[in-house]
S.K.: 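Just passing along the structure, written as structure tokens.
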Amino acid sequence: MTFPTHVRLIEVGPRDGLQNEAQPISVADKVQLVNALTDAGLGYIEVGSFVSPKWVPQMAGSAEVFAQIQHKPGVVYGALTPNMRGFEDAVAAGVKEVAVFAAASEAFSQRNINCSISESLERFAPIMESARQHGISVRGYVSCVLGCPYEGQVSAQQVAAVAKELYAMGCYEVSLGDTIGTGTPSATRAMFETVGAHVPRDKLAGHFHDTYGQAMVNIYASLLEGINVFDSSVAGLGGCPYAKGASGNVATEDVLYMLNGMGIETGVDMDKLLLAGQHICNVLGRVTGSRVAKARQC
Ligand code: HMG
Ligand code: MG
């Protein structure tokens, strides 16, 4: 197995990282975080969500955040959109790339977006159509690919079926989310093998929450399966409000450290990334979830 020379890191900290925070975070602090991540060289930053503020109050100010961030040419600033209402709000806020999110488990789909998996796919169809007209790219997510907080085990075939639908409807990439972090390396490899038979591997990404401390090794396992795009969150912030116990995403600093050590390019500057993480942790009054950041503080 040869490793890739380049990996694309998708920074989800401002969205997945902050969506679960109970304390209010000002628009100015969110803008500062996105700008610091841009400065660190991230090429894709998920800035926020256009979801119901009753469901996820923390994402309510996403339009203001989009209006105030510095848009660096070449950097993608993305947003989650669960339905047409969210998509239209995103377009009105000037968003150029969105993500739709489905699940591989029925129970999680109901809890997260209040509809079945097939209803969610039906909701996405007009988004895809309108996105094509507006020249907006759409990324797809599948949650619970290695376990569900309500149903337990999730079959890789079911993950493949949902991923295949998202890809077929026009998502240029499908990110497979271990929402509750229960996956282990062999399950990760098996899952990518199954999904990879239906969606080209260069159109798949890995999204690992580190709840059980498996995220880094699962990323390594994914690299062995030919996956070259990973979602991560600065300082390991995050969790999904509809997945109890889902702790942070894998920390971007830690993924970067491993990739740097393996000679795999990302275009991200470690020192600037550490500063971005330190700043948001100060704002939140919390200790970083990144092992690298902790080691560097000593
Ligand atoms: P619903 O209650 O079924 O929606 O929620 P509805 O269509 O019946 O509308 C109810 C009210 O919400 C109406 O307002 C709508 O206007 C409003 P009212 O008449 O009561 O005043 N509404 C909206 N408001 C703002 N933006 C919208 C919107 N849509 C309706 N887009 C809905 C359905 C999908 C909206 C809701 O369930 C929702 O917002 N869910 C979002 C949940 C979420 O954001 N979860 C976290 C992100 S996913 C994640 O973290 C996983 C991931 O990281 C990968 C992984 O880790 O696995 C991506
Ligand atoms: Mg997530």
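As the structure lists them, so they are numbered: ligands from 1, and atoms in each ligand from 1.
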S.K.: With heavy atoms of Phe50 as the reference, note each atom of ligand 1 found under 4.0 Å away.
M.R.: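 So the atoms of ligand 1 that pass are 26 (N), 27 (C), 31 (N).
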S.K.: Where the closest heavy atom to atom 33 (C) of ligand 1 is concerned, which of Ile113, Val51, Val56, Leu176 has it?
M.R.: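 Of the listed residues, Ile113 has the closest heavy atom.
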S.K.: Below 4.5 Å, heavy atoms only, C-beta onward: do Met216 and Arg291 meet side chain to side chain?
M.R.: no
S.K.: Check whether Ser143 reaches the backbone of Ala103 with its side chain - one donor and one acceptor, N or O, closer than 3.5 Å.
M.R.: no
S.K.: Below 4.0 angstrom from a heavy atom of His209, which ligand 1 atoms are there? Numbered from 1 as shown, please.
M.R.: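 Close to His209: 56 (O).
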S.K.: Looking at Gln157 and Ser155, would you say the former's side chain and the latter's main chain have a donor-acceptor pair under 3.5 Å?
M.R.: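 Checking the backbone N and O of Ser155 against the side chain of Gln157, no donor-acceptor pair under 3.5 Å is found.
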S.K.: Assess, by modelled atom type and distance only, whether the side chains of Ser233 and Asp16 contain a donor and an acceptor separated by less than 3.5 Å.
M.R.: no
S.K.: How does Pro53 reach ligand 1, if at all, at less than 4.0 Å between non-hydrogen atoms: by side chain, backbone, both, or neither?
M.R.: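 Only the side chain of Pro53 comes within reach of ligand 1.
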S.K.: For ligand 1, which atoms sit closer than 4.0 Å to a heavy atom of Asp16?
M.R.: 50 (O), 53 (O)
S.K.: Taking 4.0 angstrom as the limit and counting only heavy atoms of Asn112, give me the atoms of ligand 1 inside it, by number and element.
M.R.: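 The atoms of ligand 1 under 4.0 Å from a heavy atom of Asn112 are 37 (O), 40 (N), 41 (C), 42 (C), 43 (C), 45 (N), 46 (C), 48 (S).
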S.K.: When you measure from the heavy atoms of Met59 to every atom of ligand 1, does any distance fall below 4.0 Å?
M.R.: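 False for this residue.
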S.K.: Where does Arg15 meet ligand 1, judged by heavy-atom distances below 4.0 Å: at the side chain, the backbone, both, or neither?
M.R.: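 Looking at Arg15 and ligand 1, just side chain atoms fall under 4.0 Å.
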S.K.: Is Ser52 in polar range of ligand 1, meaning some N or O pair under 3.5 Å apart?
M.R.: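 Between Ser52 and ligand 1 (N or O atoms, distance only) the closest approach is under 3.5 Å.
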S.K.: What's the atom name of the N, O or S in Asp16 nearest to the Mg ion (ligand 2)?
M.R.: OD2
S.K.: In terms of atom number and element, which parts of ligand 1 are under 4.0 angstrom from non-hydrogen atoms of Leu80?
M.R.: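 Those qualifying, in numeric order: 47 (C).
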S.K.: When clusters are formed by joining ILVMFWY residues with side-chain heavy atoms under 4.5 Å apart, either directly or through shared neighbours, do Leu275 and Leu273 land in the same one?
M.R.: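 No; tracing contacts between hydrophobic side chains, which count when under 4.5 Å, never links both residues.
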S.K.: Is Met258 reachable from Val217 through a run of hydrophobic residues whose side-chain heavy atoms are each under 4.5 Å from the next?
M.R.: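 No; tracing contacts between hydrophobic side chains, which count when under 4.5 Å, never links both residues.
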S.K.: Would you say the side-chain atoms of Gln23 pair up with the backbone N or O of Leu284, donor to acceptor, closer than 3.5 Å?
M.R.: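 Here the side-chain-to-backbone pair exists.
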S.K.: Tell me which part of Pro82 gets within contact of ligand 1: side chain, backbone, both or neither, using heavy atoms under 4.0 Å.
M.R.: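 Contact part for Pro82 vs ligand 1: side chain (C-beta onward).
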S.K.: Would you tell me which option among Glu119, Glu46, Arg85, Gln19 has the nearest heavy-atom contact to atom 16 (O) of ligand 1?
M.R.: Arg85
S.K.: For ligand 1, which atoms, with element, lie under 4.0 Å from some heavy atom of Asn114?
M.R.: 1 (P), 2 (O), 3 (O)
S.K.: Treating Asp178 as the side-chain partner and Gly183 as the backbone partner, does any N or O pair qualify as donor plus acceptor under 3.5 Å?
M.R.: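 Yes; at least one donor-acceptor contact below 3.5 Å.
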S.K.: Would you say the side-chain atoms of Glu151 pair up with the backbone N or O of Ala107, donor to acceptor, closer than 3.5 Å?
M.R.: yes
S.K.: For Ala103 and ligand 1, answer yes if some heavy atom of the residue is under 4.0 Å from a ligand atom, otherwise no.
M.R.: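 In this structure, Ala103 fails to qualify as a contact of ligand 1 - no heavy atom is under 4.0 Å.
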S.K.: For ligand 1 and Arg123, I'd like to know whether there is a polar contact (N/O to N/O, distance under 3.5 Å).
M.R.: no
S.K.: Under 6.0 Å between the ring centres of Phe124 and Phe87?
M.R.: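 For Phe124 and Phe87, the ring centres are not under 6.0 Å apart.
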S.K.: Pull out every atom of ligand 1 sitting under 4.0 Å from any heavy atom of Gly86, numbered as shown with elements.
M.R.: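 Ligand 1 atoms under the 4.0 Å threshold to Gly86: 31 (N).
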S.K.: So if you build clusters from Ile, Leu, Val, Met, Phe, Trp, Tyr with side-chain heavy-atom gaps below 4.5 Å, do Val51 and Val27 land together?
M.R.: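 The answer is yes; both residues are in one hydrophobic cluster.
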S.K.: Could you list which atoms of ligand 1 come closer than 4.0 Å to a heavy atom of Lys54?
M.R.: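 With Lys54 as reference, the close atoms of ligand 1 come out as 18 (P), 20 (O), 21 (O).
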